Amino acid sequence: MELSIVGIEKPETLNLILGQSHFIKTVEDIHEALVTAVPGIQFGLAFCESSGPALVRATGTDDVLIELAKQNALALSAGHCFIIFLGEGFYPINVLNAVKGVPEVCRIYCATANPVEVILAETEQGRGILGVVDGVKTKGVETEEDVEERKNLLRAIGYKL
């Protein structure tokens, strides 16, 4: 077995969701879940098929995001993984439960705008995701000032009253 790390290539501001599912209809079902959850959503989705022709299957509402999803899925080439890139102004918090509710979805590895590294294991049979590194190492524990800044940010962006 060989271990490797693949960095997800994306613009700094884009959010992504990386997960695993189990069936070819994942592409269509996640597409439907996203457009139903947030009308007008912009996204690209790619899924690594892990049997038969073993192709990257893709869909979405934005050609640039679809290409980005295809490129990253192919770089991962890990069985039944999927990656969703959300357009500017769209966030995982608004669609994550819809994605998790898709019957084929087995797990979500991360949902983030942070830099992501994917830890892969490769055997003679294929590749699998062992886990992810989402962002940077923790630098400490928040102070009272940090708590106040966090609360103010959540209110400024409309997530709290």
Side-chain angles (χ1 to χ4, degrees), residues 1-136 154 157-159:
M1 175 178 68
E2 291 184 35
L3 297 179
S4 62
I5 297 170
V6 172
I8 299 298
E9 298 293 330
K10 69 175 196 63
E12 188 175 306
T13 57
L14 287 188
N15 278 275
L16 69 94
I17 300 170
L18 178 65
Q20 183 175 21
S21 74
H22 72 88
F23 193 42
I24 192 172
K25 78 184 196 80
T26 297
V27 174
E28 292 178 36
D29 289 356
I30 290 178
H31 183 114
E32 291 172 358
L34 291 170
V35 298
T36 302
V38 179
I41 190 168
Q42 296 296 300
F43 72 93
L45 160 65
F47 165 75
C48 292
E49 183 178 49
S50 66
S51 60
L55 300 172
V56 170
R57 306 292 184 163
T59 188
T61 59
D62 181 280
D63 291 339
V64 172
L65 296 174
I66 294 168
E67 285 305 311
L68 186 63
K70 286 182 197 175
Q71 292 167 7
N72 278 279
L74 189 58
L76 292 171
S77 292
H80 282 158
C81 76
F82 65 86
I83 191 162
I84 303 165
F85 287 99
L86 301 173
E88 295 283 337
F90 298 99
Y91 304 98
I93 194 169
N94 303 119
V95 297
L96 197 53
N97 281 336
V99 172
K100 290 189 294 188
V102 172
E104 300 88 20
V105 172
C106 302
R107 78 177 53 190
I108 301 294
Y109 292 104
C110 67
T112 187
N114 292 332
V116 173
E117 294 178 325
V118 182
I119 304 164
L120 299 167
E122 186 164 354
T123 67
E124 288 182 28
Q125 178 176 306
R127 276 185 168 179
I129 296 174
L130 297 182
V132 299
V133 177
D134 177 355
V136 299
L154 291 173
I157 62 176
Y159 279 101

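Computed from a prediction, not measured in an experiment: that's the story for all the values here.
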CD of Glu49: more than 12 outside heavy atoms within 6.0 angstrom?
->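 Check passes, neighbour count above 12.
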
How are the rings of Phe43 and His31 set relative to one another: parallel (under 30°), tilted (30 to 60°) or perpendicular (over 60°)?
->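 Ring orientation of Phe43 relative to His31: perpendicular.
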
Sub-4.5 Å side-chain heavy-atom contact between [X] and [Y]:
X: Leu3; Y: Leu130; answer: yes
X: Leu14; Y: Leu86; answer: no
X: Val102; Y: Ser21; answer: no

Test ring pair (Phe, Tyr, Trp, His ring centres under 6.0 Å) applied to Phe82 - qualifying residues, sequence neighbours left out |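 Once residues adjacent in sequence are excluded, Phe82 has no partner under the ring pair (Phe, Tyr, Trp, His ring centres under 6.0 Å) criterion.
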
How long is the gap from [atom1] on [X] to [atom2] on [Y], to the nearest 0.5 Å?
X: Thr26; Y: Arg57; atom1: OG1; atom2: CZ; value: 11.5 Å
X: Leu76; Y: Leu18; atom1: CG; atom2: CG; value: 6.5 Å
X: Cys110; Y: Glu117; atom1: SG; atom2: CD; value: 11.5 Å
X: Asp62; Y: Ile41; atom1: CG; atom2: CD1; value: 11.0 Å
X: Leu65; Y: Leu16; atom1: CG; atom2: CG; value: 11.5 Å

Minimal non-hydrogen separation, [X] against [Y], with atom names:
X: Phe90; Y: Asn15; answer: O-ND2, 3.9 Å
X: Tyr91; Y: Tyr159; answer: CD1-OH, 4.3 Å
X: Val105; Y: Val99; answer: CG2-O, 3.3 Å
X: Ala113; Y: Thr13; answer: CB-O, 4.4 Å
X: Ala69; Y: Ile83; answer: O-CG2, 3.7 Å
X: Asp134; Y: Thr112; answer: OD1-OG1, 2.9 Å

Heavy-atom donor-acceptor pair, [X] side chain to [Y] backbone, under 3.5 Å:
X: Thr36; Y: Ala33; result: no
X: Lys70; Y: Asn72; result: no
X: Thr123; Y: Met1; result: no

side-chain contact (heavy atoms from CB on, under 4.5 Å) between Leu96 and Ile17: does it pass, once the steps are laid out?
-> CA-CA 8 Å; Leu96 197 53; Ile17 300 170; 4.2 Å; yes

Residues forming a side chain to side chain donor-acceptor pair (under 3.5 Å) with Gln20, sequence neighbours excluded =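 Side chain to side chain donor-acceptor pair (under 3.5 Å) check on Gln20 returns Tyr109.
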
Taking it one step at a time, do Ile5 and Val118 satisfy side-chain contact (heavy atoms from CB on, under 4.5 Å)?
-> CA-CA 5 Å; Ile5 297 170; Val118 182; over 6 Å; no

Check the pair Ile84 / Val95 against side-chain contact (heavy atoms from CB on, under 4.5 Å), numbers first and verdict last.
-> CA-CA 11 Å; Ile84 303 165; Val95 297; over 6 Å; no

With sequence neighbours left out, what residues match Ser77 under side chain to side chain contact (heavy atoms under 4.5 Å, CB included)?
->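 Once residues adjacent in sequence are excluded, the partners of Ser77 under the side chain to side chain contact (heavy atoms under 4.5 Å, CB included) criterion are Leu74, Arg127.
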
Given side-chain contact (heavy atoms from CB on, under 4.5 Å), test Val132 with Ile8 step by step and report yes or no.
-> CA-CA 10 Å; Val132 299; Ile8 299 298; over 6 Å; no

Donor-acceptor side-chain pairing of Glu122 and Ser4 below 3.5 angstrom =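 Glu122 vs Ser4: no donor-acceptor pair found between side chains.
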
